[in-house]
J.: 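Take this structure, written in structure tokens, and hold onto it; I'll ask about it next.
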Amino acid sequence: MKTLPLALGQAGLVLTLLFIAVGSVFAETTKDAQAVVEKALAPLAAKFPSVPADREAREKVMKQYLQDNLVVYGIAFAPAPVAKGEDVPPSLYVYRHEGKLESKWLALPKYNYPADEWYTLLLKEGKPVWSHRYFDHGGGEIWMKTYSVPLYADAEKKQVFGVLTSDLPVPAPEKKPE
């Protein structure tokens, strides 16, 4: 009978080590995926201002980006900040869903992207940024981290005409025991 607690203890130790190893691999995978995104999104952001402004042209470029970057779950183009009193323009979102690339408009009243961290932090910092992990209600409907890059109409004047993003899927946070 004394061997049972020892066996359970060893199994618990093995499981603990396995969880640590998986967590470490996930952390490295996430860092690797983030590096891929940072490298891939910059050239797209540089050429995006020359893409025709219609939905079809932008959607085509965004779908190609997802086909070329399999670690990326979704990509969004969110137009620049609007003047007070104006309507918030919709954001075009292209993402993976059930093995296909789908697209949709993210717009008020359900999706207020100018209030989201991936948007506000970029405008505050004035440079590309990663968001914290969050659940994307109304967009990708998954836990993710978003990398945001400013799009400049005039790079010298730092005149932002929009934000381009890449989303990486991440695991949901662990629930804390009650």
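For clarity, every value in this text was computed on a predicted model and none was experimentally measured.
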J.: To the nearest 0.5 Å, what is the distance between OH on Tyr73 and NE2 on His97?
T.: 7.5 Å
J.: Mind listing the closest non-hydrogen atom pair of Gln34 and Lys145 along with its distance?
T.: OE1-NZ, 2.9 Å
J.: Begin from the C-alpha positions of Val72 and Tyr65 and carry the test side-chain contact (heavy atoms from CB on, under 4.5 Å) through to its verdict.
T.: CA-CA 9 Å; Val72 178; Tyr65 173 80; 4.0 Å; yes
J.: Which heavy atom of Gly139 sits nearest a heavy atom of Tyr111, and at what distance?
T.: N-CE1, 3.7 Å
J.: Could you check if a side-chain atom of Leu101 sits within less than 4.5 angstrom of a side-chain atom of Arg96, using non-hydrogen atoms only?
T.: yes
J.: Val71 and Pro169: which non-hydrogen atoms are nearest, and at how many Å?
T.: O-CD, 3.8 Å
J.: Between Leu66 and Ile75, does a side-chain contact (heavy atoms from CB on, under 4.5 Å) hold up when you go through it step by step?
T.: CA-CA 8 Å; Leu66 289 178; Ile75 179 173; 4.0 Å; yes
J.: When you look at Tyr134 and Thr146, which way does the side-chain hydrogen bond (donor to acceptor under 3.5 Å, both in side chains) test go after all the steps?
T.: CA-CA 9 Å; Tyr134 67 100; Thr146 298; 2.6 Å; yes
J.: Just verifying a value: how many Å separate Lys127 NZ and Leu122 CG, rounded to the nearest 0.5 Å?
T.: 10.5 Å
J.: Measure the spacing between OH of Tyr147 and CG of Leu164 and express it to the nearest 0.5 Å.
T.: 11.0 Å
J.: On a heavy-atom basis, which atom in Pro128 and which in Val149 lie closest, and how many Å separate them?
T.: CB-CG2, 4.1 Å
J.: Taking Thr165 for its side chain and Ala76 for its backbone only, find out whether a donor-acceptor pair lies under 3.5 Å.
T.: yes
J.: So is Arg58 actually on top of Phe77's ring, under 6.0 Å and inside 45° of the axis?
T.: yes
J.: Check for me whether the distance between the ring centres of His137 and Phe135 falls short of 6.0 Å.
T.: yes
J.: Which atom names give the shortest non-hydrogen contact between Tyr119 and Pro114, and what distance separates them?
T.: CD2-CA, 3.5 Å
J.: List the steps and the verdict of side-chain contact (heavy atoms from CB on, under 4.5 Å) for Ser166 and Glu38.
T.: CA-CA 9 Å; Ser166 278; Glu38 290 170 9; over 6 Å; no
J.: Would you say the side chain of Glu102 lies within less than 4.5 Å of the side chain of Val94, judging by non-hydrogen atoms?
T.: no
J.: Could I get the full list of side chain to side chain donor-acceptor pair (under 3.5 Å) partners for Glu125, not counting sequence neighbours?
T.: none
J.: Roughly how far, to the nearest 0.5 Å, is the CE atom of Met62 from the CZ atom of Phe48?
T.: 5.5 Å
J.: Would you say the side chain of Phe161 lies within less than 4.5 Å of the side chain of Pro49, judging by non-hydrogen atoms?
T.: yes
J.: Can you find a pair of side-chain heavy atoms, one from Glu117 and one from His132, that are under 4.5 Å apart?
T.: yes
J.: Find out whether Asp136 and Trp143 are in side-chain contact, i.e. whether some heavy atom of one side chain is under 4.5 Å from a heavy atom of the other.
T.: no
J.: For Trp118 versus Ser131, what's the shortest heavy-atom pair and its separation?
T.: CB-CB, 4.2 Å
J.: Flag the pair Lys60 and Glu56 as a salt bridge only when some basic side-chain nitrogen lies within less than 4.0 angstrom of an acidic carboxylate oxygen.
T.: no
J.: Would you compute the distance between atom CG of Leu106 and atom CG of Asn112 and round it to the nearest 0.5 angstrom?
T.: 11.0 Å
J.: Which is it for Val37 and Asn69 under the side-chain contact (heavy atoms from CB on, under 4.5 Å) test, yes or no, and what are the steps along the way?
T.: CA-CA 8 Å; Val37 166; Asn69 297 283; over 6 Å; no
